[in-house]
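Proteins come first, then strands; the chains are lettered A, B, ... in the order of their sequence lines, and each starts at number 1.
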There are 2 protein chains.
Amino acid sequence: MTVPLPGSQVRGSQTGKPIMALLDLLGRTWALGIIWNLHSGPATFRELQQRCEKISPTLLNTRLKELKTLALIETKHAGYQLSPQGIDLFEIISPLGRWSSQWAQALKEESKS
Amino acid sequence: MTVPLPGSQVRGSQTGKPIMALLDLLGRTWALGIIWNLHSGPATFRELQQRCEKISPTLLNTRLKELKTLALIETKHAGYQLSPQGIDLFEIISPLGRWSSQWAQALKEESKS
DNA sequence: CACCATGCTACAATATTTGTAGCATGGTTA
DNA sequence: TAACCATGCTACAAATATTGTAGCATGGTG
């Protein structure tokens, strides 16, 4: 799988519209999970593996490379961490935390009736 | 693949925390793309297929079922459309449109230097 | 030098996604 | 009413992605 670089062809778009590149990236297994888990602070490879609970090292490494290429994460002495851009992105999606709770609640209600 | 119902075990979490169920769902190929494309209005199956440019009917159908089970989309006479919850979700992620452009720009600058 | 822990690769087994073909249903139109 | 559509969707094999386990290489520490 090639890195969904904005401007090049990506899944869902011939034109490489940035949003499509982004959706392609975020739609890959574990990409969102990694970003979400990194938000709570830098982590080493093995620690990140644990935060993600069940990711295989192969895939973790693959995603980390992609995310790095796309400047969403970076490596510092402390290990992997969100880049300023990554933080930006996280801030956009962070309301999903709250929203998902309400959603889960609503689904539960619904299944009762 | 089973539907990532909040409360049950999902990819990335034994406990079924809603956010994990959501990230599992959104992390599946095309899930975000479908939501994004539906935002511009209801669509029939075939039309949605075109909006997504390259999705296979098999997968489109699979995702639609999942999204429907999870109450993010619904079917009306006009075809498939976002449910109120789906709209809610879209509103959270809609800033990604703008953000992705800046991001693409930044990546371009960076690759120059 | 033995002993760890860490980052990461190898690789076969498994699961997901694609692509193409086409069936079944429900209108139109002739 | 019968020949046409278009539509929603399924079948299924080929192509890709992901997992899981084992383990190598490197860089500390005692």
Side-chain angles (χ1 to χ4, degrees), chain A residues 1-5 8-14 20-21 23-38 41-70 73-82, chain B residues 1-5 8-14 20-21 23-38 41-70 73-82:
Chain A
M1 228 185 195
T2 56
V3 177
L5 204 61
S8 63
Q9 247 191 260
V10 298
R11 200 162 52 182
S13 166
Q14 309 302 115
M20 287 303 160
L23 294 183
D24 180 357
L25 173 68
L26 298 183
R28 293 178 181 191
T29 308
W30 277 111
L32 274 168
I34 291 173
I35 293 172
W36 196 268
N37 281 314
L38 270 183
T44 62
F45 189 91
R46 296 223 172 188
E47 191 185 336
L48 195 47
Q49 229 179 139
Q50 294 189 322
R51 288 194 197 165
C52 291
E53 292 186 37
K54 273 193 167 347
I55 194 171
S56 71
T58 318
L59 185 60
L60 177 54
N61 191 237
T62 304
R63 285 291 170 274
L64 286 173
K65 275 183 197 157
E66 291 172 3
L67 292 170
K68 211 166 164 184
T69 300
L70 296 174
I73 65 175
E74 54 193 21
T75 40
K76 284 274 163 74
H77 188 63
Y80 294 95
Q81 59 184 259
L82 292 177
Chain B
M1 230 186 195
T2 57
V3 176
L5 203 61
S8 63
Q9 247 190 261
V10 298
R11 200 163 50 182
S13 166
Q14 308 302 116
M20 286 303 160
L23 294 184
D24 181 356
L25 173 68
L26 298 183
R28 293 177 181 193
T29 309
W30 277 112
L32 274 168
I34 291 173
I35 292 172
W36 195 267
N37 281 313
L38 271 182
T44 62
F45 188 91
R46 295 224 173 186
E47 191 185 336
L48 196 46
Q49 230 179 135
Q50 293 190 323
R51 287 193 197 165
C52 290
E53 291 187 36
K54 273 193 166 348
I55 194 171
S56 71
T58 318
L59 185 60
L60 178 54
N61 191 236
T62 305
R63 285 290 170 275
L64 286 173
K65 276 182 196 158
E66 290 171 4
L67 291 170
K68 210 166 165 185
T69 301
L70 296 174
I73 65 174
E74 55 195 19
T75 42
K76 283 275 165 74
H77 187 62
Y80 294 95
Q81 59 185 257
L82 292 177

> At their closest point, which heavy atom of B/M20 faces which heavy atom of A/N37, and how far apart are they?
Replying inline: CE-OD1, 4.3 Å
>> For a quick test of reading the model: is some side-chain N or O of B/Y80 closer than 4.0 Å to OP1 or OP2 of D/dT7?
In response: no
>> I want to check one thing: is the phosphate of C/dT18, taken as OP1 and OP2, less than 4.0 Å away from some side-chain N or O of B/W30?
In response: yes
> Which of these passes side-chain hydrogen bond (donor to acceptor under 3.5 Å, both in side chains) with A/R51: A/E47, A/E53, A/Q49?
Replying inline: A/E47
> Can you tell me how far P of C/dT16 sits from CG of B/L25, to the nearest Å?
Replying inline: 14 Å
> Taking CD from B/E47 and P from D/dA6, how many angstroms apart are they, rounded to a whole number?
Replying inline: 15 Å
>> I need the minimum non-hydrogen distance between A/P4 and A/A21, along with the two atoms involved.
In response: O-CB, 3.3 Å
> Rounded to whole angstrom units, what separation is found between the CZ atom of B/R46 and the P atom of C/dG26?
Replying inline: 16 Å
> Which ones in residues 50-66 of chain A lie close to DNA chain D, meaning a heavy atom under 4.0 Å from one of its atoms?
Replying inline: A/K54, A/S56, A/P57, A/T58, A/L59, A/R63
>> Taking the nucleotide of DNA chain C with the nearest heavy atom to each, does A/Q49 or A/T29 sit closer to the 5' end?
In response: A/Q49
> How many Å lie between CE on B/M1 and C1' on C/dT17, as a whole number?
Replying inline: 10 Å
> Minimum heavy-atom separation for A/A43 to A/L48, with atom names?
Replying inline: CB-N, 4.1 Å
>> I need the CZ-C1' distance between A/R11 and D/dA17, as an integer number of Å.
In response: 10 Å
> Nearest-Å distance, CZ (A/F45) to P (D/dG23)?
Replying inline: 18 Å
>> Show the nearest heavy-atom pair for residues B/A31 and B/L25, with the distance to one decimal.
In response: CB-O, 3.3 Å
> Quick check: does any side chain N or O of B/R11 sit under 3.5 Å from a backbone N or O of A/K54, one acting as donor and the other as acceptor?
Replying inline: no
